2 protein chains.
Amino acid sequence: MEDFISKFRGLGFKLTPQRIAILTFLDGNTGHPTAEEIFAAVRQEYPTVSFATVYNTLQALSDRGQLTEVTIDPERKHFDPNTDPHHHAMCSECEKIVDVFVDYSETLSLPDTVSGEFNVTGNHVEFYGVCGDCAE
Amino acid sequence: MEDFISKFRGLGFKLTPQRIAILTFLDGNTGHPTAEEIFAAVRQEYPTVSFATVYNTLQALSDRGQLTEVTIDPERKHFDPNTDPHHHAMCSECEKIVDVFVDYSETLSLPDTVSGEFNVTGNHVEFYGVCGDCAE
DNA sequence: ATCTATAATTAGAACAGTTCTTAAGTAATA
DNA sequence: TATTACTTAAGAACTGTTCTAATTATAGAT
């Protein structure tokens with residue numbers, strides 16, 4: 001926890017209590033929270049925290065490569081503190097997002113018609129389906 | 001063109017001039033237009049057309065499985081009259097989206113840890129990169 | 001320990017994209 | 001051609017996100 005905080009200070013952050021709360025909530029969080037959910041969590045400790053602070057901090061983390069913006073949900077952004085390349089599966093019933101740690105890059109080559117005119121820098125696989133909880 | 005129109009009439013549509021303009025603009029369109037672009041195109045012919053009409057028609061088409069909502073761009077929806085399953089590549093410079101007609105489903109299997117709790121109904125691969133026009 | 005410069009905070013306005021509301025209009029059927 | 005149900009247009013409303021401006025707090029220097 002102490003080195004977690006100092007890690008972000010070393011990134012040029014000015015560490016405020018609000019930011020520590022956001023960082024603490026995100027650290028190791030695999031639930032892909034939305035800005036709304038992060039806001040709600042921090043608000044329990046800091047009732048006057050604003051959305052601006054949440055978005056500012058998320059933006060700052062993204063800019064420094066410490067946060068992945070998960071865009072599988074067209075309605076809103078989700079945030080993932082795991083910045084290792086990976087993929088996602090989303091439940092179409094409850095909108096839950098789970099991580100998929102498989103490296104498909106070997107098999108995901110573009111056809112020549114596209115690769116000739118496109119310099120690919122990354123890929124992301126989205127799986128859609130129904131999760132176990134919603135299957136009943 | 002005539003059978004194109006009657007196809008949609010057969011789907012339970014009431015065919016209005018505005019809808020014909022939208023359908024005509026979309027038919028065979030591989031440019032993945034946004035609602036804004038569709039609105040602008042139809043507006044040239046029908047200056048009083050409203051966004052509501054555009055969105056209504058797009059919704060109606062989607063509901064009937066005649067239109068794919070492409071969600072690769074987190075900023076806005078793009079629409080694709082090609083409903084065959086396929087994937088997309090987006091240029092991070094100019095936001096251009098191109099189709100990728102490759103069936104990766106053989107290789108895109110979920111790991112057991114996820115597949116046990118997830119009943120997958122579909123997948124979509126997003127490629128990011130820089131297109132030829134923007135590479136200069 | 002205190003001061004200072006700079007960055008972060010809050011509240012709320014503003015914004016973009018999309019959906020909803022309502023009255024008026026129009027296509028399809030009989 | 002009359003009827004009925006559906007569609008339209010205009011703009012209000014809504015959701016998620018970004019911006020603004022005044023205030024406050026952090027980090028580093030003194």
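Each chain gets a letter, A, B and so on, in the order its sequence line appears, and its residues count up from 1. No hydrogens, no waters, no symmetry mates; every other heavy atom, side chains included, goes into these values. In this text the structure is predicted, and so the values were computed from the model without any measurement.
- Residue-to-nucleotide proximity on DNA chain C shows that, of B:Thr16 and A:Ala52, the 5′-proximal contact is made by A:Ala52.
- Residue-to-nucleotide proximity on DNA chain D shows that, of B:Thr48 and B:Lys14, the 5′-proximal contact is made by B:Lys14.
- B:Asp73 has its CG atom 9 Å from the P atom of C:dG17, to the nearest Å.
- Ring centroid separation for the pair A:Phe79 and A:His32 does not come in under the 6.0 Å cut-off.
- A cation-pi arrangement is not found for B:Arg64 relative to B:Phe8, the charged atom failing to lie both closer than 6.0 Å to the ring centre and inside a 45° cone about the ring normal.
- Distance CD (A:Glu69) to P (D:dT17): 9 Å, rounded to an integer number of Å.
- One can place CZ of A:Phe8 at 15 Å from P of D:dA27, the figure rounded to the nearest angstrom.
- Taking 4.0 angstrom as the limit, B:Arg76 places none of its side-chain polar atoms (N or O) nearer than this to OP1 or OP2 of C:dT18.
- Phosphate proximity of D:dA27 to A:Arg9: present, with a side-chain N or O under 4.0 Å from OP1 or OP2.
- For the pair B:Asp63 CG and D:dC6 C1', the interatomic distance rounds to 15 Å; values are reported in whole Å.
- When each of A:Pro47 and B:Pro17 is assigned the nucleotide of DNA chain C bearing its nearest heavy atom, the one mapping closer to the 5' terminus is A:Pro47.
- Taking only side-chain nitrogens and oxygens, A:Tyr55 comes nearer than 4.0 Å to OP1 or OP2 of D:dT17.
- Residue contacts for A:Thr53: at a heavy-atom cut-off of 4.0 Å it reaches a base atom on one of the strands shown.
- Nucleotide C:dG17 holds its C1' atom 12 Å from the NE2 atom of B:His78, rounded to whole Å.
- For the pair A:Asn56 CG and D:dA21 P, the interatomic distance rounds to 15 Å; values are reported in whole Å.
- Within 4.0 Å of B:Gln59, counting heavy atoms only, lies no atom of the nucleic acid at all.
- Regarding contacts with the backbone of C:dA7, every side-chain N or O of A:Arg19 stays at 4.0 angstrom or more from both OP1 and OP2.
- As rounded to whole Å, 15 Å separates atom C1' of D:dA5 from atom CG of B:Leu15.
- Not one side-chain nitrogen or oxygen of B:Gln18 sits closer than 4.0 Å to the OP1 or OP2 atom of C:dT26.
- Checking the phosphate oxygens (OP1, OP2) of C:dA11, no side-chain nitrogen or oxygen of A:Ser50 falls inside 4.0 Å.
- Under 4.0 angstrom from either OP1 or OP2 of C:dA16 there lies no side-chain N or O belonging to B:Lys77.
- Put simply, the side chain of B:Pro111 does not reach to within 4.5 Å of the side chain of A:Phe101, judged on heavy atoms.
- Atom pair A:Ile20:CD1 and D:dA25:P shows a separation of 15 Å (rounding to whole Å applied).
- No side-chain donor from either of A:His86 and A:Asp103 sits under 3.5 Å from a side-chain acceptor of the other.
- Side-chain polar atoms of B:Tyr104 and B:Glu106 form no donor-acceptor pair below 3.5 angstrom.
- Here A:His88 and A:His124 bring their ring centres to under 6.0 angstrom of each other.
- Picking from D:dT8, D:dT26, C:dT10 the nucleotide with the shortest atom distance to the side chain of B:Thr57 gives D:dT8.
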